[in-house]
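Report on one structure; see the data block that follows.
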Amino acid sequence: MTDENRWVLPRGTAGADGWELAVTAAHPGWQHTALRVADLTGTDSRTVEAGPWEHIVVPLSGGVHVTAHAPDGQVHEAELDGRADVFAGPTDVAYVPAGSRITVRAGGGGAARVAVAGALAPGGGSRAFRRIPAADVPVERRGAGSASREVRNFGTPAVLEAEAIIACEVVTPAGNWSSWPPHKHDAERPGEETALEEIYYFETRSVDDRCTDPVGYQRVHASAADRPIDVLAEVRTGDVVLVPYGWHGPSAAAPDAHLYYLNVMAGPGPERAWLICDDPAHARVRETWADQPFDPRLPLALPATEPPTPPAAGKAR
């Protein structure tokens, strides 16, 4: 089995139980994180029996109704307004503690695409059900120049009280790189690095209607000789790259397509923190950001359908 076959899941190749995508601990070599994605219409619904896993429900497009049956018999419900698509801006999300039975359906009987991100929760469901409004999601400017990207931190430790899960969204404008410089989080070094599995779920969006195959690229390579990994994946909407360990980055947006990804992270260590180590071959790139402008296209809040953009006079197509 090649590394791409093991760690790259093209859309439609990893579904189960009615989910288009179902990354769980059943995947060989995977232990701490999960992600399910489905399209919902009308009264159609999907259910997750969470067991020892906590979850965050993330509308990718459309609104989503969430029902969570807790082990103590309480029933929690939340209407998530959602958004037109992932490029339209942040969304409200719902945190569901471990031990719950989660049911999701499209809000108002319409249509929605939903992601349910999970992490193995060592505390067994000690946190409270919570809805986080889109207005409360911090939007971070990260990088500069061609490494400018937008990070929506709805599920990071500073924003969400959870047991293990760390989740956020990243939007990279066409032509830019994110997850740069390459970095890793695959060792427990107190105060310096945390060991975290990571899921990258991708969507792409053409800058205009001349691009009929919007793509991006994801790189993962080994940080230690005893844990080899070598991935260079071309990704499209609905594709997933799993990062069990190793240096990862860049996540590269093609010049004619914007790139979105949902990150889900968790690990075996006692600290819920995103502590990373930069690849020393490229770490100096951070020093250049102070002298570069931040990409003025960000924050990238695009309408649901983007009209074609004609090329400027004298510019090559």
Side-chain angles (χ1 to χ4, degrees), residues 16-25 32-84 86 89-138 152-169 199 201 262-266 272:
D17 301 322
W19 297 90
E20 175 188 294
L21 170 72
V23 177
T24 69
H32 302 284
T33 55
L35 183 65
R36 295 171 173 86
V37 175
D39 290 311
L40 305 171
T41 57
T43 60
D44 190 21
S45 66
R46 299 288 187 279
T47 297
V48 178
E49 296 287 353
W53 295 70
E54 62 184 349
H55 290 85
I56 303 176
V57 180
V58 184
L60 299 172
S61 64
V64 175
H65 182 88
V66 183
T67 305
H69 292 261
D72 61 4
Q74 293 190 67
V75 179
H76 304 279
E77 296 195 62
E79 289 287 350
L80 303 180
D81 297 330
R83 53 195 166 178
V86 296
T91 182
D92 47 350
V93 303
Y95 170 78
V96 186
S100 303
R101 183 172 78 250
I102 308 165
T103 300
V104 293
R105 57 178 173 78
R113 184 168 175 83
V114 64
V116 182
L120 190 60
S126 60
R127 304 300 191 270
F129 181 94
R130 181 183 172 193
R131 176 184 179 274
I132 300 175
D136 292 347
V137 175
R152 304 166 182 162
N153 290 309
F154 59 79
T156 53
V159 177
L160 175 67
E161 184 180 351
E163 296 185 51
I165 194 167
I166 300 173
C168 65
E169 299 177 317
I199 299 171
Y201 163 85
L262 169 63
N263 281 150
V264 186
M265 292 172 277
R272 179 178 173 246

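No experiment lies behind these values; they were computed from the predicted model shown. Quick note: numbers below take in every heavy atom, side chains included, and nothing from hydrogens, waters or symmetry partners.
Summarising the geometry of A50 relative to G99, their closest heavy-atom pair is CB-N, 4.2 Å, with the distance given to 0.1 Å. Considering all non-hydrogen atoms of both residues, P90 and A134 come closest at O-CB, 4.0 Å. Closest approach of A112 to V64, counting heavy atoms only: CB-CG2, 4.0 Å. Residues A98 and P52 approach most closely at CB-C, 3.7 Å, considering heavy atoms. For the pair G18 and A38, the tightest heavy-atom approach, listed with the atom from each and the gap, is O-CB, 4.5 Å. Across every non-hydrogen atom of V264 and A117, the tightest pair is CG2-CB, 3.6 Å.
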Output, in order, the C-alpha distance, side-chain angles, deciding distance and verdict of side chain to side chain contact (heavy atoms under 4.5 Å, CB included) for N153 and V137. CA-CA 6 Å; N153 290 309; V137 175; 5.6 Å; no
Using side chain to side chain contact (heavy atoms under 4.5 Å, CB included), reason through L60 and V114 one step at a time and then give a plain yes or no. CA-CA 5 Å; L60 299 172; V114 64; over 6 Å; no
Run the numbers on E79 and V66 for side chain to side chain contact (heavy atoms under 4.5 Å, CB included), then give the verdict. CA-CA 6 Å; E79 289 287 350; V66 183; over 6 Å; no
Criterion salt bridge (charged side-chain N to carboxylate O under 4.0 Å, His left out) on D81 and R131, from CA distance to verdict: CA-CA 11 Å; D81 297 330; R131 176 184 179 274; 3.7 Å; yes
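Judged by distance alone, the side chains of T47 and T103 do bring a donor and an acceptor atom under 3.5 Å apart.
Contacts classified as salt bridge (charged side-chain N to carboxylate O under 4.0 Å, His left out) and involving residues 108-118 (residues at least two apart or in different chains) are given here: E20-R113, D39-R113, R113-E203.
By the 4.5 Å heavy-atom criterion applied to side chains, S45 and L40 are not counted as neighbours. Taking 4.5 Å as the limit, every side-chain heavy atom of V37 sits out of range of all side-chain heavy atoms of W19. Using a 4.5 Å heavy-atom threshold, the side chains of P138 and V159 count as touching. A 4.5 Å side-chain heavy-atom check between H55 and V48 finds at least one atom pair inside the cut-off. Under the 4.5 Å side-chain criterion, counting only non-hydrogen atoms from C-beta, V116 is not in contact with V58.
More than 12 heavy atoms of other residues, nucleotides or ligands sit less than 6.0 Å from atom CD of E77. When the shell of 6.0 Å around CG of D136 is examined, it contains more than 12 heavy atoms from other residues, nucleotides or ligands.
At a threshold of 4.0 Å, the pair D44-R46 counts as salt-bridged, since one of the basic side-chain nitrogens sits closer than that to a carboxylate oxygen. Taking 4.0 Å as the cut-off between side-chain N and carboxylate O, R83 and E169 count as a salt-bridged pair.
With sequence neighbours left out, E49 forms a side chain to side chain donor-acceptor pair (under 3.5 Å) with no residue at all. For H76, the ring-ring contact (aromatic ring centres under 6.0 Å, His included) partners are F129, not counting sequence neighbours.
Here the OG1-CD1 distance, from T156 to I165, works out to 11.5 Å after rounding to the nearest 0.5 Å. To the nearest 0.5 Å, atoms CZ (R105) and NE2 (H65) are separated by 4.5 Å. Interatomic distance, CG of L262 versus CD1 of I199, reported as 8.5 Å (0.5 Å rounding). How far OG1 of T33 is from CD1 of I166: 11.0 Å, rounded to the nearest 0.5 Å. Atom-to-atom distance recorded for Y95:OH and I56:CD1 is 8.0 Å, nearest 0.5 angstrom.
Distance alone, capped at 3.5 Å, is enough to place a donor-acceptor pair between the E54 side chain and the A164 backbone. For the pair E163 (side chain) and S126 (backbone), a donor-acceptor distance under 3.5 Å is present.
Partner of I132 under the side chain to side chain contact (heavy atoms under 4.5 Å, CB included) criterion, chosen from D92, V93, T91: V93.
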